[in-house]
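For reference, the structure is listed below as structure tokens.
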Amino acid sequence: MAKTPRIAVVGSANIDLTTFTDQFPKPGETIFGQKFDLGFGGKGANQAVAAKLCGAEVFMVARVGSDLFGPATIKNFEQLGIDATQVRQVEGVSSGVAPIFVDPSGQNRILVVKGANDELKPADVEAAASVLKAADCIVLQFEIPLETVYYTIHFARKNGIRCILNPAPGQPIDVKAVADLDYFVPNESEAETISGMPVRNLEDAKKCAASLLSSGMRRVIITLGANGSLLAGRDGMEHVPAFSVKSVDSTGAGDAFIGSFAVFLGEGLPEREAVRRANLYAGLSTTGVGTQKSFYDRARFDAEWTARSKS
Ligand code: RIB
């Protein structure tokens with residue numbers, strides 16, 4: 001029986017307003033979209049939900065707004081069995097929201113309004129110290145203030161806790177300031193924004209990963225969508241292929257990868273095996289609409305894994 005990982009996510013929670021459309025309005029124009037979906041999202045919350053559905057014990061540290069969405073978001077965590085004692089409402093601020101546009105190929109465009117996510121400060125991480133110290137992995141993204149991300153990386157290192165950073169949404173940063181972590185996991189566009197190097201194919205990704213490693217990163221995983229992932233360390237690089245799926249909405253696939261990878265690694269699987277499984281978990285999430293609601297639970301995932309890993 002695999003050990004149950006204890007994962008803490010310090011990150012964002014948003015409400016996703018997803019419109020499915022085959023065209024985009026020009027300035028001043030009104031057009032019809034095809035379908036709408038309202039759901040719980042945010043990169044941090046999505047990663048926490050993926051980790052929980054994969055079987056981990058999960059703690060969320062986040063801030064939500066003083067609006068209808070705030071209490072609903074906290075309730076969603078609680079109903080899923082995620083510890084939300086460190087998710088607090090901030091007075092006078094809206095919750096994070098994300099208008100999302102999905103085209104017929106399943107590709108998404110996301111606009112995030114950070115709202116209360118921007119109020120998650122280093123002092124809040126310190127206030128959650130006892131919860132965080134009990135974790136064996138801390139997961140971070142970039143939808144909260146960068147000073148909080150840097151502080152938490154330092155906290156994880158000081159306390160000997162594995163730390164995974166998903167630098168999403170991509171933004172220019174001082175790479176050396178985030179180098180003191182275990183896994184740096186961008187997608188292609190985030191890797192490009194952060195490194196300043198083009199990442200359009202596997203060869204580009206390898207050059208980019210080499211550059212990130214030379215800046216001090218220990219392990220880098222660049223997720224490549226339908227092309228799988230590149231796992232890179234100072235001991236070498238390996239392309240880990242994706243599994244084929246019928247994708248309808250890719251939103252949240254990166255979050256599904258991160259949350260599930262943290263669990264598979266925490267269960268003690270070898271790194272490459274954890275990446276392979278996370279590739280499948282992320283791929284499966286694109287076969288349903290939305291983010292959290294498209295994530296598989298462990299029993300469904302294991303059934304798919306058993307069927308597909310033989311081939
Ligand atoms: O990664 C997908 C997520 O990005 C969405 O849930 C949206 O809220 C944004 O944070």
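For ligands, and for the atoms within them, numbers begin at 1 and follow the listed sequence. These values consider heavy atoms only, across backbone and side chains, with no hydrogens, waters or symmetry-generated copies.
Applying the 4.0 Å criterion to heavy atoms of Gly41 picks out, from ligand 1, the atoms 6 (O), 8 (O). Counting the atoms of ligand 1 from 1 in the order shown, those under 4.0 Å from a heavy atom of Ala98 are 7 (C), 8 (O). For ligand 1, the atoms lying closer than 4.0 Å to a non-hydrogen atom of Asp255 are 1 (O), 2 (C), 3 (C). Ligand 1 places these atoms under 4.0 Å from at least one heavy atom of Asp16: 5 (C), 6 (O), 7 (C), 8 (O).
In this model, a donor atom of one side chain and an acceptor atom of the other lie less than 3.5 Å apart for Thr291 and Asp16. Tyr281 and Glu304 share no donor-acceptor pair across their side chains, judged by distance under 3.5 Å alone. No side-chain donor-acceptor contact under 3.5 Å links Glu143 and Asn117. Residues Gln141 and Asp255 have side chains that never bring a donor and an acceptor to within less than 3.5 angstrom of each other. Side chain to side chain, Ser105 and Asp103 meet the donor-acceptor criterion of an N or O pair below 3.5 Å.
With hydrogens left out, the protein atom closest to atom 10 (O) of ligand 1 is Glu143 OE2, 2.6 Å, a heavy atom. When only non-hydrogen protein atoms are considered, atom 4 (O) of ligand 1 lies nearest to Lys43 NZ, 3.0 Å.
At a 4.0 Å cut-off, not a single heavy atom of Ser12 sits close enough to ligand 1 to count as contact.
Just one residue in the list Arg298, Arg277, Lys3 forms a salt bridge (charged side-chain N to carboxylate O under 4.0 Å, His left out) with Glu267, and that residue is Arg298.
When only interatomic distances are considered, the shortest N/O to N/O separation between Gly42 and ligand 1 falls below 3.5 Å.
Relative to atom 3 (C) of ligand 1, the option among Asn46, Ile100, Thr18 with the closest non-hydrogen atom is Asn46.
Counting non-hydrogen atoms of other residues, nucleotides and ligands closer than 6.0 Å to CG of Leu68 gives a total of 12 or fewer.
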